Amino acid sequence: MPGAETTTTITAMPSHVFRFAPSPNGPLHLGHALSALTGFRLARRHGGRFLVRIEDIDTARTREEHVASILADLAWLGITWEQPVLRQSRRFAAYAEAARCLDAMGLIYPCFATRSDIAAAAASSGLGNDPDGAPLYPGIDRSLPRREAEARIAAGEAAAWRLDMARALEAVASFPAALPLSFSESAPDGTARPIAADPSRWGDAVILRKDTPASYHLAVVVDDAAQGVTWVTRGADLFAATDLHRLLQTLLGLPEPFYSHHPLIFDATGAKLSKSAGAPSLSELRAAGWTPTDVFSAIGIRD
Ligand code: GLU
């Protein structure tokens, strides 16, 4: 438990930049409303700026009608944001550049293994799972000679690029100022406390996917830095991801934002709200007669 001496007050710092960063592969539900309003209300309270970023690296699953309905739902909730809205689908060159930096440090490698190759090797590896519940990567292709990998890519074989976690941790150990890796978890009142980050629990995470030349983890750190985001507000389901984000920020020389992870909203069966579990969308609630005030009280926003 950190003592009082480790608690800092971050609202005394110059104007903060907040963002809401939805993925447009479905409509917004009450959980998204809580995320968006958490950042927007903090921006209002502390005189900060508020941005919206559309996280559409998964171009096959992105639907323009979802982008339009997300923005309409945010406006209906009374949220305003700066223009332009950044689209990650326009940022692949920036992600390629970041991946090139990691590659120049010898920290990423191409991986040709299929999902079933990985599942089969993981089952016998005894490595366990990452914080999202996926089997930890069992190391297939980690030692493939680079010339061989490049020849396969040149011949048209698809590869994901993975972080060599052991090497990445060795690399950060040579930046003594960065250790121990940690992040500042901030309360709405602007006090922040340090949390130790353990990126090793993600194993050799994917940095560039096979199906799209980016990954959530790489794109989010590159864009938070490019947009000058100083205070990341998002759901507790991304708490563990922050460990990996701090590692990538350190390796890439990107600034460290403050973080606030808000509690998730659960449905009557105790499941986290999600489109696949049948959570009603904000537009469905609006069509059923809900007002923004009804949304605020459903997600525990009282003032
Ligand atoms: N795009 C992510 C999502 O919709 C959120 C990313 C973030 O806030 O870091 O779950």
Side-chain angles (χ1 to χ4, degrees), residues 16-43 48-63 66-67 69-71 73-74 79 81 85-92 94-95 98 131-134 183-186 195 197 199 202 205-207 209 212 214-249 252 254-265 271-277 279 281-282:
H16 279 289
V17 181
F18 297 84
R19 60 29 169 212
F20 175 57
S23 306
N25 43 28
L28 299 187
H29 52 61
L30 289 171
H32 297 109
L34 178 58
S35 271
L37 284 161
T38 300
F40 179 67
R41 284 158 52 86
L42 280 170
R49 297 167 51 205
F50 184 73
L51 312 175
V52 172
R53 179 170 75 228
I54 299 293
E55 300 214 319
D56 56 351
I57 58 168
D58 195 340
T59 48
R61 286 178 69 208
T62 293
R63 297 274 172 273
H66 291 317
V67 177
S69 79
I70 285 169
L71 298 178
D73 287 342
L74 295 176
I79 293 174
W81 57 92
V85 168
L86 190 78
R87 297 281 299 247
Q88 288 194 322
S89 55
R90 315 277 143 80
R91 302 265 305 146
F92 288 119
Y95 311 142
D132 281 347
F183 61 92
S184 288
E185 182 70 12
S186 311
I195 304 278
W202 289 96
V206 172
I207 293 298
R209 285 163 37 173
T212 187
S215 62
Y216 160 62
H217 300 298
L218 183 69
V220 81
V221 298
V222 167
D223 286 342
D224 281 337
Q227 294 191 285
V229 171
T230 62
W231 191 342
V232 171
T233 55
R234 59 187 179 193
D237 50 343
L238 292 170
F239 188 82
T242 307
D243 292 8
L244 182 53
H245 298 175
R246 287 293 303 122
L247 175 62
L248 293 175
Q249 285 157 354
L252 293 167
L254 304 176
E256 172 188 358
F258 292 95
Y259 287 89
S260 291
H261 295 92
H262 62 74
L264 301 180
I265 300 183
K272 183 182 114 180
L273 287 192
S274 74
K275 184 173 173 278
S276 49
S281 67
L282 292 181

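In this chain, residues are counted from 1 in sequence order. Predicted, not measured: the structure shown is a model, and the values here were computed from it. Whatever order the structure lists ligands and atoms in, that order sets their numbers, starting from 1.
- If you look at Leu238 next to ligand 1, the close heavy atoms, those under 4.0 Å, all belong to the side chain.
- Among all non-hydrogen protein atoms, the one lying nearest atom 6 (C) of ligand 1 is Glu55 OE1, 3.3 Å.
- The side-chain hydrogen bond (donor to acceptor under 3.5 Å, both in side chains) test with Gln88 is passed by exactly one of Asp223, Thr62, Asp56: Asp223.
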Could you walk me through whether Arg234 and Thr242 satisfy the side-chain hydrogen bond (donor to acceptor under 3.5 Å, both in side chains) test, starting with their C-alpha distance in whole Å, then the side-chain angles of each, then the deciding distance to 0.1 Å, before giving a yes or no?
CA-CA 11 Å; Arg234 59 187 179 193; Thr242 307; 2.7 Å; yes
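- For the side-chain contact (heavy atoms from CB on, under 4.5 Å) criterion with Arg19, the lone passing option out of Thr233, Val52, Leu86, Val220 is Val220.
- In this structure, the protein non-hydrogen atom closest to atom 5 (C) of ligand 1 is Ala21 O, 3.4 Å.
- The nearest protein atom to atom 7 (C) of ligand 1, hydrogens excluded, is given as Arg19 NH1, 3.3 Å; this is a heavy-atom distance.
- Ligand 1 lies within reach of Tyr216, whose nearest heavy atom is under 4.0 Å from it.
- The ligand atoms of ligand 1 that sit less than 4.0 angstrom from a heavy atom of Val220 are 9 (O).
- Relative ring orientation between Phe18 and Trp231 is described as tilted, the plane-to-plane angle lying within the 30° to 60° band.
- Once rounded to the nearest 0.5 Å, the distance linking NE2 of His217 with CG of Leu238 reads 8.5 Å.
- Two rings, from Phe239 and Phe183, have their centers less than 6.0 Å apart.
- The heavy atom nearest to atom 3 (C) of ligand 1, out of those in Ser23, Ser35, Pro22, is found in Ser23.
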